[in-house]
Number of protein chains: 2
Amino acid sequence: MTVTIYDVAREAGVSMATVSRVVNNNPNVKPQTRKKVYEAIERLGYRPNAVARGLASKKTTTVGVVIPDIANANFAEVARGIEDIANMYHYNIILCNADKRKEKEIRVINTLLEKQVDGLLFMGGVVTDEHIQAFNTSNVPIVLCATTDEKGTMPSVDIDHETAAYDAVRKLIAEGHARIAMISGTLQDPANGFARYQGYKRALEESGIAFDESLVRVGNYRYESGIEAVQYFLELAERPTAVFAATDEMAIGAIHGIQDAGLSVPGDISVIGVDNIRLASMVRPLLTTVAQPMYDIGAVSMRLLTKLMKKENVEQARVTLHHELIVRNSVAPRG
Amino acid sequence: MTVTIYDVAREAGVSMATVSRVVNNNPNVKPQTRKKVYEAIERLGYRPNAVARGLASKKTTTVGVVIPDIANANFAEVARGIEDIANMYHYNIILCNADKRKEKEIRVINTLLEKQVDGLLFMGGVVTDEHIQAFNTSNVPIVLCATTDEKGTMPSVDIDHETAAYDAVRKLIAEGHARIAMISGTLQDPANGFARYQGYKRALEESGIAFDESLVRVGNYRYESGIEAVQYFLELAERPTAVFAATDEMAIGAIHGIQDAGLSVPGDISVIGVDNIRLASMVRPLLTTVAQPMYDIGAVSMRLLTKLMKKENVEQARVTLHHELIVRNSVAPRG
DNA sequence: CTGTTAGCGCCTTCAT
DNA sequence: ATGAAGGCGCTAACAG
């Protein structure tokens, strides 16, 4: 039925060790024998069994990726970065959605480990002690991707969310705005949520602008919640002149919510986001935002993981990628 | 170092066969022994090695997915459908991007097969004889996802692209439009490209509208190419009153291109797309489009694959999912 | 440069 | 209900 290395050996008139050598590009094979073996392989249509290989060599050349939701554009972009680099280093990727739900995250970490992945890339919500504990049941390298753990003990690749938010709000302030609303993510989320909220507060504070709780709405990162938040702001006795949204999707919702109310962006109200999703340049006005290099986060974390897997020594296991203010058309000086 | 089934057996004072049985939920184990084994597993922190399991049982409980580009929202949505159902049936997914490039597709098909996946889901560009040939080197079940092969010999799940396009154009005609432009995908692409182009022509033909080559522009599915196409149409001596775009992304580009030229959608020109991506309801005006059930295509094809893998007999191995016209605000009666 | 020989960790008859 | 034993297909020393 299935042709094995043994069949090839017989067909080529050599031992299976030799076949193994040529398949693995071991230089210690006479060119002539190598040729014979290749021919036998061709003739028989032999295909190496990666599972058997994995068992014998204790390496599977596959890495596990736990991701909140592949259908989310941001994470999909990260995933693409991961896969490109993985591919480059001849690794394959096992992808598991975990929806930022702890139990599910822990569960997939375990099944990934059962599958004997050579490494693990983790994107998720909060990284709790339970996560760390799950990680520690194995000794394959693991890197956090687009997150960090509180303790800072694990290798990770992320941006500085607090400063990204800070920079966005500073931009608004630089344009003369003082009454600046924020559409936040859930404060339980350390990165997209809490850190960005902190950045907002810090920017205000540094400029001597009093923090006003009524100017903050917590959204769920989605477009619709941007619309809702802005509807609320528009009812306020004293409207904000600018809105900072923790994510572009909410920012775009905000833009449309404002426009739907008959006001203009940035004429009446300026809007700024964070992320720089593709969509940001697919709306009118084009969204001013702080770019987060999603693809690179994936690529860099995968690259870091390859080093860890090869036991190369890495100088810096916690890397922070740069964010960048992208000025487009949704922010204007205060009227 | 690593604890094996053998260690557990010793610890529990049973044979490894028994441990194997409890791990695999074989009912032929006395409850009491089962308990002993579980305790030993717990105490030792035993984790079954899926690779060894795979070698011995010839089943890996993982399926391969070749996808054009996970960062593309449509495919990401399909992938999510796949993963959800896979998860439900306790399969894991190995994800490979192949960018619709034949050589890369063939290559990943082979590595996936080497990894002994229990089944394969293929999304790609054209399915050539070479693909079929690659598929035939193995006897794991394979289903085409969001594509079909010309010959119609393989299991597949897709929508009827020709009719979807036809329905879109019929809508435009029903609103009184006769001068209808099309922004097409590449005609080499059987599904999103050629079939949709055919649907456009059929709709015109049936209504006795002469086909006018100058009203067709070939784009690359992207937003920017929608803008470019529409710029071209706007230069025409006799402008179209409606635009049919083969994908929503190009349709949205068209909307913005028209708006940027100072015209109104749908006031001056109506626009309709196909796909119903999330973005379609995140623009102004909201995009009228023909919905393609991406998530379901993924889910159904994975479900079909599970049946094939379990050798259940399937009545219908080629399934066509329904598309649906979603009327929103980008189409108006001809002025 | 090539062959022999042990496993890798588990499943799976076949006995008992 | 449980144990013994033979692979699954391949890699990795170790000889020669």
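Residue numbers begin at 1 in each chain, while the letters A, B, ... track the order of the sequences. What you see is a predicted model; the values in this text were computed from it and never measured.
- K100(B) is linked by a salt bridge (charged side-chain N to carboxylate O under 4.0 Å, His left out) to D189(B), counting only residues two or more places apart in sequence or in another chain.
- Sorted by first and then second residue, the ring pair (Phe, Tyr, Trp, His ring centres under 6.0 Å) pairs involving residues 135-156 of chain A (not counting sequence neighbours) are F122(A)-F135(A).
- With sequence neighbours left out, K104(B) forms a salt bridge (charged side-chain N to carboxylate O under 4.0 Å, His left out) with D99(B).
- Partners of R318(A) by side-chain hydrogen bond (donor to acceptor under 3.5 Å, both in side chains), not counting sequence neighbours, listed by chain and number: D149(A).
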When the side chains of residues 123-131 of chain B are checked against the rest of the protein, which donor-acceptor pairs come out under 3.5 Å, sequence neighbours left out?
residue	atom	partner	partner atom	Å
T128(B)	OG1	E130(B)	N	3.2
T128(B)	OG1	H131(B)	N	3.3
T128(B)	OG1	H131(B)	ND1	2.7
D129(B)	OD1	K151(B)	NZ	2.8
E130(B)	OE2	K102(B)	NZ	2.6
H131(B)	ND1	T128(B)	N	3.0
H131(B)	NE2	E105(B)	OE1	2.6

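- Applying the ring pair (Phe, Tyr, Trp, His ring centres under 6.0 Å) test to every pair with at least one member in residues 74-117 of chain A, sequence neighbours left out, gives no pairs at all.
- When the C1' atoms of four end pairs are superposed on the next four at each end of the helix from dC1(C)-dG16(D) to dT16(C)-dA1(D), using five pairs per end, the two resulting axes differ in direction by 30°, to 10°.
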Contact letters for nucleotides 10-16 of chain D, in which S counts primed atoms plus P, OP1 and OP2 and B counts the base, heavy atoms under 4.0 Å: BBBB---

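- Not counting sequence neighbours, R107(B) has no partner by the salt bridge (charged side-chain N to carboxylate O under 4.0 Å, His left out) test.
- A heavy-atom distance below 4.0 Å to DNA chain C is reached by none of the residues of residues 27-45 of chain B.
- With sequence neighbours excluded, the residues satisfying salt bridge (charged side-chain N to carboxylate O under 4.0 Å, His left out) with D69(B) are R80(A).
- Protein chain B contacts DNA chain C from dG9(C) to dT12(C), reading 5' to 3' and using non-hydrogen atoms of the protein with a distance under 4.0 Å.
- I93(A) has its side chain out of reach of T62(A): every pair of non-hydrogen atoms, C-beta onward, lies at least 4.5 Å apart.
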